[in-house]
Amino acid sequence: EYGIVRPKGYNVTFHTNPEMEKHHFGQTHPMKPWRLTLSKSLIMSYGMPFAMDNYIARAANFEELNNYHTQDYLDYLGTVLPEPVPRDVESANPDLKFNLGGSDCPLFEGLYDYCSMSAGGSLDAARKVCNREADIAISWGGGLHHAKKAEASGFCYINDIVLAILQLLRCYPRVLYIDIDVHHGDGVEEAFFSTDRVMTCSFHKYDPCNFFPGTGALEDNGPKNEMNAGAHHAVNVPLNDGITDDQYAWLFDSVIGKIVETFRPSAIALQCGADSLAGDRLGRFNLQVQGHGQCVAYCKKLGLPMILFGGGGYTPRNVARAWSWETAISLQCEDKIDKTIPEHTPWREHFRQEELLPSLEQILGEARPNKNPQKRIQEIVQHVHEQLRFVQH
Ligand code: V1S
Ligand code: CA
Ligand code: ZN
């Protein structure tokens, strides 16, 4: 009824699993898988599923997870049972096996299923892009960028992005990974540290002592040894609290534009963590739905095959707004979208807690003071340009 039609000349695939959304990390934990239900219901209310191919993500099997993660880690992840964490045993407990069971990466009912469904969605997305059945494939249940080969970290247990990029590398010579989550994409950077076939670029809040995970300085650009193929192939954009849409868009275009010119990627993997939006429970930036979506729009214009992943995002209504808007951008139906949240959304009442006529673009949240001087933003771009002089493909 919104007249949203399939975009001409290209295809979008959408990968979700309603079972995944039913899992709970625990009452006080910021990661709420039902934000995926909220997002999908808003996307459906706009009629967007009519314009794309929708798939129920299958669970990835052991062998697929084992393409990156170690057998030991997966065996443990598959067998360990939830037990109540004593209040005083905090997540920084060094005795935790594979960092599982603390407050950041708790053990909960169905954990292994949750992880394999998240990875399954992203693997399905990668295969669609590989087979040229999708120009853009969307996996909002993925984007878990902190997980390591044999360690859980920051709400992430299985690195679905690494698994998906490994798939892309079977059919594309070079993949560009971009990460707009407010946190550093350390797990993905680490996985591809020693190859020149993947360039990673993360934009994040950086404060080594006070903000998770504490890595991702401007000067961390991959292996220091020039003989290592991965040298210069990690780009880091460390930022401060309160960055605005305009500054972010300028940075994003300057940095990604230069990377595309020098690295010449054949496919893009874009992690769209929505915790970089203003008003996020954990984030510190001032991005609006518009500014966040601008990054997706910029990448889409490059005309390269692309996967969109989810990631962080701790104010569920804002997550749903951003990912709905970015699904619309993928479908090129931004102009057909009514900016007032549709009347018949099952969640309309939920959004109405904010305003009588809740809007898709207008997110709640106080603006934070912007602690990013323009001079510093320019220095960052300068550094990245100098770094990329070493990269020629
Ligand atoms: N920031 C933050 C934060 N908040 C929590 C947290 C809060 C309540 C809980 F019940 C459980 C955890 N943990 C953190 C961070 C991890 C952030 C992960 C972001 C993930 C992503 O968005 O990038 C991708 C999905 N952890 C820490 O800061 C570590 C601690 C050092 C401090 C907080 N305590 C709870 C654990 C140890
Ligand atoms: Ca990031
Ligand atoms: Zn995050």
Side-chain angles (χ1 to χ4, degrees), residues 20 24-33 35-36 84-85 87-94 96 99-108 114-115 118-119 122 139-148 151-162 177-190 200-218 220 234-241 243 248 251-252 255-256 269-277 280-285 287 292 295 309-316 318-319 322-323 380:
M20 182 187 170
H24 297 277
F25 281 62
Q27 276 238 305
T28 55
H29 200 286
M31 180 57 100
K32 308 283 182 206
R35 70 205 174 115
L36 297 169
V85 189
R87 277 241 166 263
D88 50 336
V89 185
E90 250 307 304
S91 140
N93 183 351
L96 291 176
N99 194 31
L100 288 167
S103 55
D104 269 1
C105 302
L107 299 170
F108 54 83
Y114 166 86
C115 295
S118 157
S122 299
S139 176
W140 294 137
L144 306 179
H145 59 175
H146 299 304
K148 310 285 155 47
E151 195 181 291
S153 170
F155 319 163
C156 307
Y157 305 80
I158 291 290
N159 202 315
D160 61 289
I161 305 171
V162 170
Y177 173 66
I178 307 171
D179 186 315
I180 60 170
D181 189 287
V182 75
H183 298 99
H184 178 223
D186 56 350
V188 184
E189 180 182 292
E190 182 178 301
T200 60
C201 175
S202 174
F203 297 77
H204 46 267
K205 150 98 185 158
Y206 178 66
D207 183 351
C209 299
N210 300 306
F211 197 74
F212 186 86
T215 49
L218 183 62
D220 295 340
V235 176
N236 279 303
V237 181
L239 301 166
N240 252 309
D241 291 6
I243 193 160
Y248 201 91
L251 248 179
F252 190 89
V255 168
I256 301 302
L270 174 57
Q271 197 266 21
C272 303
D275 49 6
S276 40
L277 293 172
D280 188 79
R281 183 174 154 192
L282 299 193
R284 309 282 182 84
F285 291 170
L287 296 189
H292 199 268
C295 303
F309 302 91
Y314 306 101
T315 302
N318 293 346
V319 177
W323 291 350
I380 292 172

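Remember, it's 1-based here, ligands and their atoms both numbered in the order they're listed.
Among the atoms of Arg281, none of the N or O lies under 3.5 angstrom from an N or O of ligand 1. Below 3.5 Å of separation, one finds an N or O of Asp181 facing an N or O of ligand 1. An N or O contact shorter than 3.5 Å is missing between Thr28 and ligand 1 by distance.
When the options Lys205, His145, Glu189, His204 are evaluated for a side-chain hydrogen bond (donor to acceptor under 3.5 Å, both in side chains) with His184, the one that passes is Glu189. None of Met31, His183, His146 except one satisfies the side-chain contact (heavy atoms from CB on, under 4.5 Å) rule with Cys156; the exception is His146.
Contacts between His29 and ligand 1, counted as non-hydrogen atom pairs separated by less than 4.0 Å, involve both the backbone and the side chain. Contacts between Val182 and ligand 1 below 4.0 angstrom, taking non-hydrogen atoms only, are absent altogether. Contacts between Tyr314 and ligand 1 below 4.0 angstrom, taking non-hydrogen atoms only, involve the side chain exclusively.
With hydrogens and angles left out, the side-chain atoms of Gln271 and Asp181 include a donor and acceptor closer than 3.5 Å.
Not a single donor-acceptor pair under 3.5 Å links the side chain of Ser122 to the backbone N or O of Ser139. Within the 3.5 Å criterion, the main-chain N or O of Ala152 finds a donor-acceptor partner in the side chain of Asn99. A side-chain donor-acceptor contact under 3.5 Å links Asp160 to the backbone of Gly143.
Among the backbone and side-chain atoms of His183, an N, O or S atom lies under 3.0 Å from the Ca ion (ligand 2). When distances to the Ca ion (ligand 2) are checked against a cut-off of 3.0 Å, Gln271 contributes no N, O or S atom below that limit. At a cut-off of 3.0 Å, Phe203 coordinates the Ca ion (ligand 2) through an N, O or S atom.
With contacts defined as side-chain heavy-atom distances shorter than 4.5 Å, the pair Leu251/Val237 qualifies. Residues Asp179 and Ile161 are not in side-chain contact: their nearest non-hydrogen atoms beyond the backbone lie 4.5 Å or more apart.
Under the 30°/60° scheme for interplanar angles, the aromatic rings of Phe203 and Tyr248 are found to be tilted.
Shortest distance from the Ca ion (ligand 2) to Asp179 is reached at OD1 (N/O/S atoms only). The N, O or S atom of Asp275 lying closest to the Zn ion (ligand 3) is OD2.
For an aromatic pair to be called close, the ring centres must be under 6.0 Å apart, and Phe309 with Tyr177 fails this.
The Ca ion (ligand 2) forms the vertex of an angle spanning OG of Ser202 and O of Asp181; to the nearest 10 degrees it equals 160°. Atoms OD1 of Asp181 and ND1 of His183, as seen from the Zn ion (ligand 3), are separated by an angle of 100°, to the nearest 10°.
Residues satisfying the side-chain hydrogen bond (donor to acceptor under 3.5 Å, both in side chains) test with Tyr157, not counting sequence neighbours, are none.
For ligand 1, the atoms lying closer than 4.0 Å to a non-hydrogen atom of Gly312 are 22 (O), 24 (C), 25 (C). Which parts of ligand 1 touch Asp275 is read off a 4.0 Å heavy-atom cut-off, strictly below it: atoms 22 (O). Close contacts of ligand 1 with His145, meaning ligand atoms under 4.0 Å from a residue heavy atom, involve 21 (C), 23 (O), 24 (C). If you number the atoms of ligand 1 from 1 as listed, the ones under 4.0 Å from a heavy atom of Met31 come out as 25 (C).
Ligand 1 lies less than 4.0 angstrom from a heavy atom belonging to Pro30.
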